[in-house]
Amino acid sequence: MSRTRAVCCPDKFRGTLTAPEAAAAMARGLREAGIEEVVACPLADGGEGTLDALLAGLGGERRSARVTGPLGEPVDADWGFLFDGTAVVEMAQASGLALAGAANDPVAATTRGTGELIALAARSGAARIVVGAGGSATTDGGRGALEALDWSLSAPVVVACDVETRFLDAARVYGPQKGAAPEEIGLLTERLERLAALYRERTGLDVRSLAGSGAAGGLAGGLAALGAELKPGFEVVAEVLHLRRVLEGADLVLTGEGRLDSTSFAGKVVGGVLATLDDSVRCVVICGQIENGVLAMLPRPAEVISLAGRSGAPEELVREAARAAA
């Protein structure tokens, strides 16, 4: 009987497996290979999947509310109330690009629904609220959310930022992927400039100087103006899930994501896990694809298993890779 202690802590495999599904597949593969002490701890970086990861890790209640969607239409958005009293609001659920799709209007898209979810979480008695700020359709600087909140926060809010982009750069960096034409990017940037001045006038905070304030089209900066704390998304999730404690005594750690590329080590899950581990711990990264040259960027020694070119269901492939890594 093996005495190896293993921890499976992947991100989602976008489009195929959620982080909890990937972690469960890895854990099954390790157990099939004879490792009995296996802990599944799915992770996220503040973007889509943050709600799934935190509910899977801590347990709690998944709730749903009808709120204003990114283009003004009503949408049913999930949010979570964890057993420790933390509420989780994933802005993509209410104001996400996936909700708007190809019909997104990058100028009109609003974060109002996200503000409505935050207000609901506060009214529900949350001790604190974690807002995952990835996957937005918006570049409204958070104005819609602030109006829904009546320009105040009634519970402590931590914004889990999956980028370090600053407020005035939000349109230039992320506007194109939200459908903004060059002339609209200029208009959106001017609007962000006016909002930064308004926020400074009303709250005294210059959001332009904050790293991550451009996350979710400036939602992070808007919430910061009301007193929210901006933190790297991986750090927020790792702290809530007590990741360092989970990793204590581990001999083998499996992590992974759908595509391993240069961004994987810039605040994302794989890079965060590798940076957290002591060099004495064996680490295996399972991924769908690998960007050329990325293996040289690994922040510490790790084995990498790519699933590219293999046939089969994604969950089965991840399970087989984990069994081979045991």
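None of the values given here were measured: they were computed from a predicted structure.
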Is there a donor in the side chain of [X] and an acceptor in the side chain of [Y], or the other way round, less than 3.5 Å apart?
| X | Y | result |
| --- | --- | --- |
| Thr165 | Tyr174 | yes |
| Thr4 | Asp251 | no |
| Lys178 | Thr138 | no |
| Asp150 | Ser152 | no |

Give a yes or no answer on whether the side chain of [X] reaches the backbone of [Y] with a donor-acceptor pair at less than 3.5 Å.
| X | Y | result |
| --- | --- | --- |
| Glu257 | Ser264 | no |
| Glu164 | Ala211 | no |
| Thr86 | Leu82 | no |
| Arg112 | Ser95 | no |
| Asn104 | Ala137 | yes |
| Arg200 | Ala225 | no |
| Arg62 | Trp79 | no |
| Ser213 | Gly221 | no |
| Arg259 | Phe13 | no |
| Glu21 | Ala19 | no |

Just so I know, are the side chains of [X] and [Y] near enough to count as touching, which here means a heavy-atom distance under 4.5 Å?
| X | Y | answer |
| --- | --- | --- |
| Glu48 | Arg14 | yes |
| Leu241 | Cys41 | yes |
| Leu117 | Glu90 | no |
| Met26 | Ile286 | yes |
| Leu254 | Cys9 | no |
| Leu54 | Val237 | yes |
| Val270 | Asp11 | no |
| Val157 | Glu229 | no |

Nearest-0.5 Å distance that lies between atom [atom1] in [X] and atom [atom2] in [Y]:
| X | Y | atom1 | atom2 | answer |
| --- | --- | --- | --- | --- |
| Asp140 | Thr111 | CG | OG1 | 3.5 Å |
| Glu235 | Leu243 | CD | CG | 11.5 Å |
| Gln93 | Thr50 | CD | OG1 | 10.5 Å |
| Phe83 | Leu55 | CZ | CG | 9.0 Å |
| Arg194 | Thr189 | CZ | OG1 | 10.5 Å |
| Leu205 | Leu226 | CG | CG | 9.5 Å |

Check your understanding: What residues, two or more places apart in sequence or in another chain, satisfy ring pair (Phe, Tyr, Trp, His ring centres under 6.0 Å) together with Phe234?
Key -> none

Check your understanding: Closest approach of Leu230 and Gly212, non-hydrogen atoms and distance?
Key -> CD1-C, 4.1 Å

Taking the basic N atoms (NZ, or NE/NH1/NH2) and the acidic carboxylate oxygens, is any pair closer than 4.0 Å for [X] and [Y]?
| X | Y | answer |
| --- | --- | --- |
| Lys231 | Glu239 | yes |
| Arg166 | Asp169 | no |
| Arg310 | Glu320 | no |
| Arg245 | Glu248 | no |

**Study point:** Residue Arg300 excluded, over 12 heavy atoms near CZ under 6.0 Å
**Key:** yes

Check your understanding: Any chance CD of Glu201 has more than 12 other-residue heavy atoms, nucleotides or ligands included, within less than 6.0 Å?
Key -> no

Practice item. Please lay out, stage by stage, how Arg63 and Asp78 fare under the test side-chain contact (heavy atoms from CB on, under 4.5 Å). Key: CA-CA 6 Å; Arg63 302 181 180 181; Asp78 285 355; over 6 Å; no

Identify whether [X] and [Y] are in the same connected component of the hydrophobic contact network (ILVMFWY, side-chain heavy atoms under 4.5 Å).
| X | Y | value |
| --- | --- | --- |
| Val107 | Leu97 | no |
| Val269 | Ile305 | no |
| Leu146 | Leu168 | yes |
| Val173 | Leu192 | no |
| Leu43 | Leu252 | no |

Review point. Passes side-chain contact (heavy atoms from CB on, under 4.5 Å), Val158 versus Ile129? Steps please.
Key: CA-CA 6 Å; Val158 177; Ile129 302 168; over 6 Å; no

**Study point:** Pairs meeting criterion side chain to side chain donor-acceptor pair (under 3.5 Å) with involvement of residues 271-288, two or more places apart
**Key:** Asp278-Ser280, Arg282-Glu303

Practice item. Using the side-chain contact (heavy atoms from CB on, under 4.5 Å) rule, take Cys8 and Leu30 through it: C-alpha gap first, then chi angles, then the decisive distance, then the call. Key: CA-CA 9 Å; Cys8 303; Leu30 293 179; 3.6 Å; yes

Exercise for review: In sequence, state the C-alpha distance, the side-chain angles, and the governing distance for Leu198 and Arg143, and then conclude on side-chain contact (heavy atoms from CB on, under 4.5 Å).
Suggested key: CA-CA 10 Å; Leu198 176 64; Arg143 179 69 180 266; 3.6 Å; yes

